[in-house]
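What follows is one structure encoded as structure tokens, with my remarks underneath.
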Amino acid sequence: MFFDPLFKPVINLVLAAVLFGPGTIGYPQTADAYERKSVSSIDMVWLASPSARSLKPKQADLLLSAIRRQIMGEEGLGARFDYNSLKKESALVGRFIRKASEEDDLTMERAAELLTETLAEPIVRILDAQKEIRAKARVSEAERRKFITIKAKELGITAEDFEKVMNSAYLYLPVLTRYSREVTKTTEEKENEEEKEKEKKTSIRYKLTGGIVWFKLDVSPAGKGSVRLLTQLETHSSYSADLKGIYKLQENANEDIPVPGAGIFKLIKKTVTAVSAPSMDEDSYAFLKASQSLAKNLAIKTAELEEFCLSAQVFDYAGGMVGFNLGKREGVFLDQKFRVYEKVEDEAGTLELEKKGFFMARGIGDNTTNPEVLSRGKRIIGEYEPGMMVKEFPRIGIDVAIRPGAASLTIPKGTCSGGFGDSLCVEKEIQTLFPILDLAAQTNTARFLGVPQTFITLGGFLGAIPAKDVKISYAGEQKDAYAGVCWGLYGGLIKKHYFRRVAFFAEARYEVQAFSFSRSFDDDDLTYTNTIELLSGAAGMEIALRADLNIGFTGGFKGFGGAIQDTWESEKKEENEEEGEKKAFTGPEVDYSGPFFGIQLIYSPPTW
Amino acid sequence: MGRTTQIIIAAMLAFLLTGCAATGKKHPKNNLPLSREVTLIESTNPAEVMVLATGIGEGKKKNLTDNAILDARRAAVYFILLGGTDPLLQTQEEKDKFTLVQEKVFAAKQINRYISWESNTFENRVKIARGKKLKIQKYFKINKKLLREDLSADGVLIQIEGPLPFIMVIPEVPKGESPIERMLTDPNLKKAAEVIESYLTARRYDVQVPKQAAALNELSDAIRFEQGVEEDYGYQLALSIGSDVYMTYTVEVVERKIGSSTVRKGIVGVRAFETTTARLLGTETGYSAERSSADAVVIEEALNDAIDKVLSRISAYWKEDLNRGVQYKLIFSIEGDFDEDEREDIAFAISDLIEELCSGSRENVVTENTLDYLVWARADQFRKSSKLYRALKEGFPDKFEGGMLKRININRKLILMKIVEAE
């Protein structure tokens with residue numbers, strides 16, 4: 001077997017993870033059905049370290065906005081929460097912020113005390129005003145049924161429902177624990193000995209470590225509110241803005257930037273719809289992207305918390321479709337993954353949750369007006385029974401695909417020159433099936449397109465081409481070329497369809513693929529690169545091993561309709577030179593078209 | 001060891017093993033539920049009861065859920081029939097008869113007839129016994145009325161021959177107060193009376209909520225000799241109306257604030273008495289959930305919680321009492337000019353006469369001027385009180401020549417008579 005030696009360890013690892021991974025987790029003492037929580041945000045970033053305190057007010061606003069969108073917004077967890085707006089109480093929020101800022105070393109417990117002093121009462125008032133409408137959604141099926149026959153006009157809301165509403169309020173406070181801004185610099189060549197070395201910034205990277213502190217508001221029977229610390233979530237993110245090395249980065253720069261030898265360039269500005277600002281500079285953009293990643297990760301971590309995790313029951317199950325009592329009201333979206341659990345009581349009477357498999361949401365029921373409307377899910381793994389517990393399996397929605405495989409390439413026999421008094425000689429036609437390692441990110445777009453299991457894929461690969469029949473001659477010397485390096489970048493669309501745990505997929509790609517041969521001579525390095533743009537298609541099969549891991553194989557054909565564009569370029573670089581001299585030349589007509597295949601491992605990471 | 005011996009030993013072992021397997025075989029399953037874990041939630045309406053029932057499923061893995069649900073349904077019906085404090089099957093005779101039809105009643109097809117509603121969700125679902133069994137919990141509404149009718153048709157439930165008891169409903173008030181007046185002024189008491197009335201009429205009981213005390217005055221003089229009863233309006237009213245049973249009730253609505261909302265909880269007490277003796281037949285308290293609803297709603301909910309249980313006890317009492325005959329309270333007032341010996345003879349004569357005419361009796365009070373009896377007359381002879389009065393009137397002169405019986409007041413439960421000198 002061609003792949004055996006290479007992939008056996010991977011397969012073993014995957015099987016071990018599947019077979020010996022944790023099968024059960026401790027059973028939480030909560031009812032199966034998710035009960036809505038209400039949330040208030042505190043518009044302050046708690047800067048918990050000296051590095052974090054260097055955060056600028058504008059950046060704090062960006063971070064707050066990103067977190068609010070993920071926790072409270074429709075694109076994030078917003079649907080599962082009721083929002084206790086503190087807009088009218090902004091003075092009290094300001095009082096909390098002021099008090100918190102005055103503390104030299106603010107602890108989370110102290111923050112809870114300050115919140116009790118300042119914000120507990122206004123939130124209790126909000127809850128009180130909203131409780132009837134919120135409690136309505138909590139009336140159980142049995143309670144409704146009890147009332148429906150004799151007191152049909154009554155809502156069936158009990159004091160218990162009210163108390164639950166009053167005791168389901170949470171507050172969150174964003175925290176930044178680490179903040180770093182790294183600027184990657186390059187140096188220009190010295191013009192003369194006297195002139196100082198000039199620096200040029202090429203890229204900027206923000207690294208953020210932070211989280212949100214969740215507080216819980218407890219309301220006493222007398223209606224007195226007190227805030228206590230619930231938990232602290234922490235994650236990190238980073239983002240680098242690529243400035244391509246030709247722009248001088250200057251914060252808030254609006255002026256034209258002169259680039260030596262290239263004319264006058266304007267600083268690129270990227271419009272970011274996420275914030276109210278119509279445009280922003282690269283620095284802010286990089287920070288915003290880092291903030292968004294951090295916020296997305298925090299949303300996932302929040303969704304994993306027992307208090308906020310969507311849970312339900314299997315209502316019915318037939319023909320591989322599951323009916324479950326969550327829907328639009330809770331923000332369930334197409335392709336959202338849910339795990340199914342069975343409660344098992346051992347001989348000691350301890351309850352545990354046993355994983356039974358997972359399904360993906362297909363038909364999202366509109367339960368905003370009628371709570372009895374169900375959503376439908378497609379079973380992927382497991383056999384279910386009515387009454388089993390359903391819990392969401394929060395993921396970022398971007399899968400990582402690792403695909404070791406092979407692709408074909410044909411380089412005809414021939415000799416050509418790169419224009420440097422050199423020659424590239426392919427002595428014998430190279431017709432090879434060379435190994436590649438492909439890495440791709442597959443973003444699930446079902447939520448936005450309304451078509452299940454559609455993915456936008458962006459990826460690249462790296463491979464090695466045998467070069468024993470390739471000779472490079474330069475300066476009267478002929479040498480064998482080093483092994484050729486083949487790489488490619490691609491973007492495309494994937495559509496999958498599951499039959500139980502087996503998924504079949506088709507993929508269409510636009511690729512930019514290249515390979516190069518190179519060789520070092522005494523003072524010069526010569527490189528010949530062929531680049532081609534082409535369309536390719538693939539299909540394959542995957543098996544879902546777990547809710548976050550698929551394994552399968554893919555096969556396809558590259559170069560439908562021939563190459564879109566095919567170019568050869570040679571480069572001669574002297575020793576210690578960063579960039580050499582490049583020339584386009586006419587080389588042999590490389591044929592990329594042909595089959596490619598491989599195995600693939602798809603992992604759905606929980607965070608970025 | 002020879003080959004023949006080996007074969008014999010092997011055969012014996014095989015026989016032994018087969019035998020063991022045979023004896024180890026479970027008895028064929030019956031339809032009775034495995035689980036008996038049921039909680040009464042509420043008597044939702046006069047015909048239905050809501051319960052939270054646990055079911056245990058066993059057998060093939062793919063059938064565990066279905067079996068557990070079926071078991072929960074059976075447990076729910078079993079609870080109505082035989083569980084709790086007020087089961088449908090109350091007498092030993094009924095229980096014995098039920099064993100003959102229990103397989104039919106608990107058959108899968110039949111049991112579903114009694115389930116008028118079942119919750120879609122499980123309150124709990126847990127695998128037990130190393131995953132071999134499944135325990136579930138669900139809410140059910142059981143159609144108790146249908147169950148009762150089916151069991152009556154099968155001859156399990158003892159049919160109450162003749163009419164159901166006539167029940168009077170009256171609020172319980174502090175001594176000296178008039179319950180009728182209180183009911184007119186307190187809308188909660190009025191509402192409660194309506195709910196009880198509605199409940200009882202739905203069960204086909206004759207029920208009356210007295211609106212006036214017209215007959216009371218006439219009666220009060222006659223029964224005032226009974227200690228303490230002069231202030232017991234309920235008893236007096238019931239006697240005056242001639243009910244078989246009377247029910248008294250208390251209503252309280254407590255409220256508290258949750259935030260700006262007021263939530264109310266209804267608390268009711270319902271007591272049932274035998275009219276003729278004021279003997280307590282049953283008492284229950286009922287509670288509603290705390291709701292931000294009007295008083296009437298929580299009162300109704302609380303009453304639903306209590307009334308069904310009390311009614312079960314009335315029903316049990318009535319069945320038992322009917323076996324003894326039709327119960328009447330007889331009060332004889334000796335008003336003629338009789339000397340001490342004559343008065344003694346009158347007492348003896350009345351006692352003899354009652355023994356002749358009635359299947360059972362109890363002497364409540366025998367004083368110089370009054371004789372108070374509780375009697376059970378044969379239903380085929382004395383379905384009406386007037387018939388008993390007539391028999392007493394006609395038979396008395398034979399027992400005591402110098403006197404005669406005259407009617408003071410007769411209603412369907414009480415015969416109030418005076419003994420005067422013969423004309």
Check your understanding: For B:K138, is it the side chain, the backbone, both or neither that has a heavy atom under 4.5 Å from a heavy atom of chain A?
Key -> neither
Check your understanding: Can you tell if the side chain of A:M389 reaches within under 4.5 Å of the side chain of B:R125, non-hydrogen atoms only?
Key -> no
**Study point:** Separation between OG1 of B:T121 and CZ of A:F315, rounded to the nearest 0.5 Å
**Key:** 5.5 Å
Point to revise | Contact check, side chains of B:V126 and A:L351, non-hydrogen atoms, under 4.5 Å | key: yes
Study note, to complete from the structure: Ranked by heavy-atom pairs below 4.5 Å to chain B, first place among A:M166, A:M388, A:E383 goes to A:M388
Study note, to complete from the structure: Applying a strict 4.5 Å limit to non-hydrogen atoms, the region of A:N325 in contact with chain B is side chain
Check your understanding: Got a sec: does the NZ of A:K216 have more than 12 other heavy atoms crowding it under 6.0 Å?
Key -> yes
**Study point:** Electrostatic pair B:K135:A:E345 at N-O distance under 4.0 angstrom
**Key:** no
Practice item. Inspect the contact between B:R130 and A:E347 and indicate whether a charged nitrogen and a carboxylate oxygen are less than 4.0 angstrom apart. Key: yes
Point to revise | Rounded distance (nearest 0.5 Å) linking atom NZ of B:K127 with atom CG of A:D346 | key: 14.5 Å
Review point. How long is the gap from CZ on B:R291 to CZ on A:F162, to the nearest 0.5 Å?
Key: 10.5 Å
**Study point:** Engaged part of B:R264 at the chain A interface, taking heavy atoms whose separation is under 4.5 Å
**Key:** neither
Point to revise | Residue selection (most heavy-atom pairs with chain A, distance under 4.5 Å) from B:A129, B:S260, B:G259, B:S288 | key: B:S260
Review point. Which residues in residues 119-126 of chain A have any heavy atom lying under 4.5 Å from a heavy atom of chain B?
Key: none
Check your understanding: So, A:K343 and B:E123, do they make that salt bridge, N to O below 4.0 Å?
Key -> no
Check your understanding: Non-hydrogen atoms of chain B under 4.5 Å away: do they reach the side chain of A:E385, the backbone, both or neither?
Key -> both
